[in-house]
Amino acid sequence: MTRYCLFRRPIALGFLALHLLLAAMTAMAAESGPIAAVSGGRVQGAMLPRGGAVFRGIPYAQAPIGPLRWREPLPVKRWPGVRTAMSFAPACAQTPQFLPEVASSSKEDCLFLNVWTPAWPVGSEKPVMVWIPGGGNSAGSASRPIHDSDSLARHGIVLVTLNYRLGVFGFFSHPQLTRESTHHASGNQGILDQIAALKWVHDNIRKFGGDPDSVTIFGESAGSLDVSVLLTSPLSKGLFRRAIGESGAVVLLGDPLTLTQAEQRGEAQAARWKLPADPSLKDLRAVSAVDILEAEPNYLQTPAPNLGITVDGYVFPTAPAKVFAAGQEHRVALLLGNNSLERTPGSVLPTDLKQAITEEYGPLSERAMPLYAAATNDPDYGTPTQQWADDASFRCAAVGALLWHAAAGNRSYEYEFARVPSGRELVGAVHASDLPYVFGTLDKGIPYPLPPPIPPTVISDIDWQVSKVMQEYWTNFAKTGNPNGAGLPEWPRFHASSRAYIQFTAAGPVLKAALRRPYCDVFIDNVKRLSARDAN
């Protein structure tokens, strides 16, 4: 017995040593990837092949599900241990009308963001760019391949991309929600998500080498509109210093709804959910996400005014366009522009241009009609009908916003993206085709792929050079509020007199002035006319 015990002791010690060694190896493995301590706990990302790190799927707010559906986002709760942040989180719940490949895995639990940092361990603090993706405020995601790149970060910035609630989940007003709110407001949940993400950035971005006092927000389409309206919300003041808008300005698609109008719209939406008369909040929140999405109207045919933005008295005390017109938006530098032919393949265009102009411009149609009657097909701008459709929405809305912003004494810059790669000549520089140039993801395709027998898109060295130049301008602007830098053609500030802008073409950046001035002057005068009418 004694001999047995003498032999057992070293065996037991051996097993204990082996256990401790395995535990140490496990701990070392957990620590092998980049780890950052953020609000909620520690997250582990992945090292990038060229240095630096990426953290995907970091929660910036509690899941807006169950009793938190349609509420203002709440801070994250702490999690134990180290949370893996190597994979993208689900996109926010959406119908498949825009992006079926994204919608198939979308969920209500979606308030996550992603961070790319060019150096790990982090060194000196770098400017931060926060991306707000587009999709009509009813579709889209920060995790699409077109955004998944460290290319921008390689220019000396920290990149953040975020998800926010969409459609009925993100822009839903209802009298019951207004009564529940301590702010007596409802709607704009998606905008509140964006503000919550910006607060998270302010509190946490130093852990990734970012400077919380040098934040630029940028977005495309609905994300660009959201960038513009964030310039007018008292809740976002001080959270960013610069803004970039790509294809979407503050007066895009008409005026936002009043709270009363939005509540009425919300009641009409809820009526399609087969609820009892006068449903309670518990009834509303008990409806499944699937049933809500199945009842959501076809957004392609019935877009919400101003993409769902509501003048709720809290997020937006005043209509954002009126804030701009009064010169009371946040005093930040703004870079804003559009693509030369925004209308995507399959876009609905008016069949009777004369009637459309008359309905839109009223007494000013007498000025507008001769302009478009004399117009011919243009290689950049398309047919006269396409020209009017873009002038009366994306293009001239941007010019108008820049006129307001510059008049208030803010540094402003305008651009037009007109590069069309080989194989896409029949559609031109359509909506969102600038994205792979900005993110350096041309190898992942260009939005709105073309059906056969149209030739395949051919990406050339010219396209990569255009991408490089745009990234340099964008990141220079994020660093200083001025896009100019060594080796780049001079990009002058936008002023009311010259309306100077840069056009991105196959020949490189081309300096131009007064983008479609007579057409945009009619549009801007019509905005003033409608504003004066509504004021009376």
Side-chain angles (χ1 to χ4, degrees), residues 61 64 67-75 111 132 137-138 164-199 217 222 225-240 243 248-270 278-281 284-285 303-332 401 404 408 527 530-536:
L68 298 186
R69 177 188 279 176
W70 297 309
R71 285 183 180 270
E72 190 167 351
L74 297 178
L111 300 186
I132 302 173
N137 278 342
S138 66
Y164 57 97
R165 281 174 285 181
L166 302 165
V168 178
F169 299 102
F171 298 87
F172 178 71
S173 291
H174 194 278
Q176 294 274 24
L177 291 172
T178 302
R179 285 193 287 270
E180 176 189 58
S181 167
T182 56
H183 307 288
H184 309 291
S186 63
N188 297 319
Q189 295 90 351
I191 302 299
L192 286 167
D193 293 342
Q194 295 167 19
I195 293 170
L198 288 172
K199 290 179 178 177
I217 57 173
L225 169 72
D226 295 345
V227 164
S228 290
V229 299
L230 281 170
L231 267 68
T232 72
S233 174
L235 305 184
S236 65
K237 189 172 184 179
L239 294 176
F240 57 91
V250 70
V251 292
L252 183 65
L253 297 180
D255 292 328
L257 299 177
T258 66
L259 180 58
T260 299
Q261 291 170 331
E263 288 176 339
Q264 292 170 348
R265 184 171 182 266
E267 288 179 305
Q269 289 173 312
D278 193 21
S280 66
L281 282 176
L284 292 169
R285 290 184 169 123
N306 223 215
L307 301 184
I309 303 298
T310 298
V311 182
D312 62 350
Y314 172 48
V315 182
F316 301 112
T318 306
K322 292 183 179 179
V323 177
F324 263 81
Q328 296 175 348
E329 70 275 19
H330 302 336
R331 297 188 65 81
V332 302
W404 283 330
V527 170
L530 295 175
S531 179
R533 182 197 65 184
D534 294 342
N536 296 327

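What's counted below: heavy atoms across the whole structure, side chains too, no hydrogens, waters or symmetry copies. Note that the structure is a prediction, hence the values are computed from the model and not measured.
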Nearest heavy-atom approach of V311 to A319 is CG2-CA, 3.7 Å

Rounded to the nearest 0.5 Å, the CD atom of Q194 sits from the OG atom of S236 at a distance of 10.0 Å

Value rounded to 0.5 Å, distance of CG in L284 from CD in E267 = 10.0 Å

Among L177, T310, T178, which one satisfies side-chain contact (heavy atoms from CB on, under 4.5 Å) with E263?
-> T178

Smallest separation among heavy atoms of H330 and S233, with atom names | NE2-O, 2.9 Å

Exercise: identify the closest heavy-atom pair between W70 and R165 = N-NH1, 3.6 Å

Test side chain to side chain contact (heavy atoms under 4.5 Å, CB included) on V251 and F324 and set out the steps.
-> CA-CA 10 Å; V251 292; F324 263 81; over 6 Å; no

If you measure from the Lys or Arg side-chain nitrogens to the Asp or Glu carboxylate oxygens, is any gap between E180 and R285 under 4.0 Å?
-> yes

Between atom NE2 of H184 and atom CG of L259, what is the distance when rounded to the nearest 0.5 Å?
-> 11.5 Å

List the atom of Y314, the atom of A185, and the distance in Å for their closest heavy-atom pair.
-> CB-CB, 3.7 Å

Between the main-chain N or O of V323 and the side-chain N or O of T232, is there a donor-acceptor pair closer than 3.5 Å?
-> no

Any side-chain heavy atom of Q176 sitting closer than 4.5 Å to one from D278?
-> yes

For Y164, the option from D193, I191, I195 that meets side-chain contact (heavy atoms from CB on, under 4.5 Å) | D193

Gap between atom CD of Q328 and atom CH2 of W404 - 0.5 Å precision | 13.0 Å

Determine the minimum heavy-atom distance between F316 and V229, stating which atoms define it.
-> CE2-O, 3.2 Å

Spatial distance of atom CG (L192) from atom NE2 (H183) [nearest 0.5 Å] = 8.0 Å

Is there side-chain contact between P320 and P256, with heavy atoms separated by less than 4.5 Å?
-> yes

Is any side-chain heavy atom of D226 closer than 4.5 Å to a side-chain heavy atom of I217?
-> no

Side chain to side chain, D312 and S186, heavy atoms closer than 4.5 Å = no

Verdict with supporting geometry, N306 and D255, side chain to side chain contact (heavy atoms under 4.5 Å, CB included) | CA-CA 6 Å; N306 223 215; D255 292 328; over 6 Å; no

Give the minimum heavy-atom separation between Q189 and F169, together with the two atoms involved.
-> CB-O, 3.9 Å

What do the steps show when you test L225 against I309 for side chain to side chain contact (heavy atoms under 4.5 Å, CB included), and what is the final call?
-> CA-CA 10 Å; L225 169 72; I309 303 298; 4.3 Å; yes

Does a side-chain heavy-atom distance below 4.5 Å link L230 with L239?
-> no

